[in-house]
Amino acid sequence: MPDPQSVLAERVHSALVTAFGPDLTGTDPVVRPSQFADYQSNVALPLAKRLRRAPREVAAAIVGGLDVRAECESVEISGPGFINFTLRDSWVAEQTRSLLGDPRLGVPAAAHPQNIPIDYSAPNVAKEMHVGHLRTTVVGDALARTLDFLGHRVIRQNHIGDWGTPFGMLIEHLLEAGEDSAEAEKLRTDPNAFYKAARAKFDADPDFAGRARRRVVALQGGDPETLRHWHELIELSKSYFNRVYRTLGVTLTDDDLAGESTYNRWLAEICAELEDAGIARISEGALCVFLDEFTGREGKPVPLIVRKSDGGYTYGTTDLATVRYRVQELKADRIVYVIGAPQGLHLQMVFATARKAGWLPDTVEPVHVQIGNVLGTDGKILRSRSGESMRLMTLVDEAVRRAGEVVATTRPELDDATRAHIAEQVGIGAVKYADLSVSHDTEYVFDFDRMLALTGNTGPYLQYAVARIRSIFRRGGIDPSAVRGPIAIGEPAERALALHLLGLGAVLEQVGELLEPHRLCAYLYELASAFTTFYDQCPVLRAPDAAVRDSRLALTQVTLDALVLGLSLLGVSAPEQM
RNA sequence: GCCCUCGUAGCUCAGAGGACAGAGCGGCGGACUUCUAAUCCGUUGGUCGCAGGUUCGAUUCCUGCCGGGGGCGCCA
């Protein structure tokens, strides 16, 4: 275990148990990065209260039983009772060297692997994906990749909108246009145009509207011919989704599809069970679940409607079915919903209802990873249903175009194909990283210039660090896998870089627990920053002697591996050159 | 009306009850015969919305208020 924070936490924990008895087993040693040393433990202060002793006295007792001679150059008690740790350069160097050639870079696999269904992306059939979809797709994919790397059993669930009343008009429109028509082709390339055309006909032509309504009935009734057309519609949309996912480098495939229609067969049963158990009752003609803890206007209880007065089911019913399915069939330990923040109340009600119905045992934790709204520069929410929203592919194309302009001026010597490839990696990386680098639950203003900025905490900055490292190996004609070290810490920039490299495991563990990819972004940015300082101050190929050169090559190699791994967990590509 | 969420430097944002609140951008001043300057170094910049409370200690937890955003019965 190369991570100093874990090592020190373990040592402090056993020291405090030794000093104060086994009652304190499990006490968090509160080891944190420090501005006054490498790490500090804050545990003595809260412990002092519990033990009714002076904080510094408690700290002294802990330090007395502490054996960190191998790791630390000094351990000091400071201020009101902080324990400051300064690591030995030799230890830092050796731990960093142990990361060479380690595909996990010292990151331990989860001690208790969980089954984790993760629900994200969820675009609608015959609808363009917009910036909101982009965010849940990108954040969800990063979480899926990270949880997977940490050793959990991740089950991706793409809950696409493939059912509901609009499908009557969509199917009718498809029938009129013909399955092989140019109009049908729009489902693959420009789904909103297809949707709008269907909508326009529905609004303007009463005969068409009538056929659309009858078509909905036929669809729900399981009419084979109608179902065939419905499948065709889904197939066309799937190819659109997959094209977007491929372009963006998102891991979702057809195997992960679990759309709304998947749950149709259980909806009647869900309602019947709820009604029989007395959890749901008829109100104003609709079957509703009322829970005491949820009240709305004038203190009236807010219903979760599971069956409308016309007999149709709602997304609440479907969502209850997802909970039940994920617990019973997927054996979930934790269920992750990467869904817009405005759905918070709805999901809470779904979870509470599922608990009451016995579909969600206390051992299973549902988590809503709230995705904040993306605002336009006018400060208003970008929504697909009202008005125009920016087409996702337009946004991506624009990002790639702007990146291409930069590459054209900085690397005129490269051929067009190579420049285009770089522009795509950088442009898409910039867009994805912008979504990932701020906390997922806050809303933010969508701004081309900011997300495409080539300095600061951005994708291109991290990619540039990768490109420069690869350039070193190319220029030196060095096979990265032949780098052996050993590492010797000389310059402050070398020490800072090495120390930072050892912290990857702690960050990833945190991301896995809190489901916050922006913490990985912050870590990688700091790492890239530490590297560029090192790059600036410590020549690698032109190092003063062979030993220093080997040491710096080893540091460089581990940095490359960490950046590439981190970026891959975010779903951002790591270019060969920029 | 009730509930959720946010309010931190001019701007965009971090911040695990702990030491003097941190980055980036912008501004200002430096560094390219260089392993890629899409870079680096220095500097400037804050009543952490307001008022109480809990605590040895609060940007962090609790309560109230003010302000922005969102949600609150048959769209999903």
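A note on names: the letters A, B, ... follow the listed sequences, proteins ahead of strands, and every chain is numbered from 1.
As judged by a 4.0 angstrom heavy-atom cut-off over every strand, Gln343(A) is placed among the base-contacting residues. As judged by a 4.0 angstrom heavy-atom cut-off over every strand, Ala341(A) is placed among residues making no nucleic acid contact. Counting any heavy atom pair closer than 4.0 Å across all strands shown, Arg32(A) reaches a base atom. Within the 4.0 angstrom heavy-atom criterion, base atoms lie near Ser471(A). Residue Tyr461(A) is in sugar-phosphate contact alone, with no base atom involved, counting any heavy-atom pair closer than 4.0 Å across all strands shown. Among the protein residues, Gln5(A) comes within range of the nucleic acid bases, having at least one heavy atom under 4.0 Å from a base atom. Base contact: Cys538(A) has a heavy atom under 4.0 Å from a base atom. Using a 4.0 Å heavy-atom cutoff across all strands shown, Pro460(A) reaches no nucleic acid atom at all. Across all strands shown, Arg519(A) has heavy atoms under 4.0 Å from sugar-phosphate atoms exclusively, and none from any base. Tyr525(A) comes within contact range of the sugar-phosphate backbone alone, with a heavy-atom separation under 4.0 Å but no base atom that close. Residue contacts shown for Ala465(A) are absent, as no nucleic acid heavy atom lies under 4.0 Å away. As judged by a 4.0 angstrom heavy-atom cut-off over every strand, Glu260(A) is placed among residues touching the sugar-phosphate backbone only. As judged by a 4.0 angstrom heavy-atom cut-off over every strand, Val540(A) is placed among the base-contacting residues. Using a 4.0 Å heavy-atom cutoff across all strands shown, Gln577(A) reaches at least one base atom of the nucleic acid.
Remark: G67(B) base-pairs with C6(B). Criterion, Watson-Crick or G-U wobble with two distances under 3.5 Å. Pairing partner, U33(B): none, since no Watson-Crick or wobble contact has both distances short of 3.5 Å. The partner of U12(B), taking Watson-Crick or G-U wobble pairs whose two distances both stay under 3.5 Å, is A23(B). The partner of G42(B) is C28(B), by the rule that a Watson-Crick or G-U pair needs both atom distances under 3.5 Å. Summarising the base pairing, C72(B) is matched to G1(B) through a Watson-Crick or G-U wobble pair whose two defining distances lie under 3.5 Å. Across all strands shown, G53(B) is found opposite C61(B) as a Watson-Crick or G-U wobble partner, with both distances under 3.5 Å.
The six-membered or imidazole ring of His159(A) lies near that of Tyr263(A), with a centre-to-centre distance under 6.0 Å.
Across all their heavy atoms, Ile305(A) and Thr317(A) have their closest contact at O-OG1, 4.4 Å.
The phosphate of A37(B) has OP1 or OP2 within less than 4.0 Å of a side-chain N or O from Arg468(A). OP1 or OP2 of C41(B) has at least one side-chain nitrogen or oxygen of Thr533(A) nearer than 4.0 Å. Contact between the side-chain N/O atoms of His346(A) and the OP1/OP2 oxygens of A76(B) is not found at any separation under 4.0 Å. Put simply, Thr295(A) has no side-chain N or O that comes within less than 4.0 Å of OP1 or OP2 on C2(B). For the pair Lys49(A) and C56(B), the criterion of a side-chain N or O lying under 4.0 Å from OP1 or OP2 is met.
The same atom, P, is picked in G49(B) and in A16(B); the two are 15 Å apart, to the nearest Å. For the P atoms, the distance from U59(B) to A21(B) is 10 Å, rounded to whole Å. Comparing the C1' positions of A76(B) and G71(B) gives a spacing of 15 Å, expressed to the nearest Å. Separating the P atom of G64(B) from that of G27(B) is a span of 44 Å, rounded to the nearest Å. Nucleotides G29(B) and C48(B) place their P atoms 31 Å apart, quoted to the nearest Å. The C1' atoms of C11(B) and G73(B) are separated by 43 Å, rounded to the nearest whole Å. Nucleotides G10(B) and G30(B) place their P atoms 25 Å apart, quoted to the nearest Å.
Rounded to an integer number of Å, the gap from Phe290(A) CZ to C2(B) P is 21 Å. We find that CD of Glu293(A) is positioned 12 Å from C1' of C3(B), with the value rounded to whole Å. Across the protein-nucleic acid pair, Asp319(A) atom CG and C75(B) atom P stand 16 Å apart, rounded to whole Å.
By the 4.5 Å heavy-atom criterion applied to side chains, Ile160(A) and Asn124(A) are not counted as neighbours. The shortest side-chain heavy-atom distance between Val407(A) and Met578(A) does not fall under the 4.5 Å cut-off. Here the side chains of Glu76(A) and Ile83(A) are not in contact, with every heavy-atom distance at 4.5 Å or above.
Relative to the six-membered ring of Tyr535(A), Arg468(A) meets both conditions, a distance below 6.0 Å and an angle of at most 45° to the axis.
More than 12 heavy-atom neighbours from other residues, nucleotides or ligands sit within 6.0 angstrom of CG on Asp310(A).
Between the side chain of Ser529(A) and the base of A23(B) there is no donor-acceptor pair of N/O atoms closer than 3.5 Å. Side-chain N/O atoms of Asn84(A) and base N/O atoms of A19(B) include a donor-acceptor pair closer than 3.5 Å. Judged by distance alone with a 3.5 Å cut-off, a donor-acceptor contact links the side chain of Gln40(A) to the base of A19(B). Side-chain atoms of Tyr464(A) stay outside donor-acceptor range of the base of A38(B), with no qualifying N/O pair under 3.5 Å.
Between Tyr337(A) and Thr322(A), the side chains place a donor N or O and an acceptor N or O closer than 3.5 Å (distance only, hydrogens not considered).
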Exercise for the section: Give the intermediate values and the outcome of side chain to side chain donor-acceptor pair (under 3.5 Å) for residues Asp319(A) and His346(A). Expected result: CA-CA 10 Å; Asp319(A) 285 342; His346(A) 169 74; 2.7 Å; yes
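Projected onto RNA chain B by closest heavy-atom contact, Ala286(A) and Gly79(A) fall at different nucleotides, the more 5' of which corresponds to Gly79(A).
Of the candidate nucleotides G71(B), A37(B), G73(B), A37(B) has the atom lying nearest to any side-chain atom of Tyr535(A).
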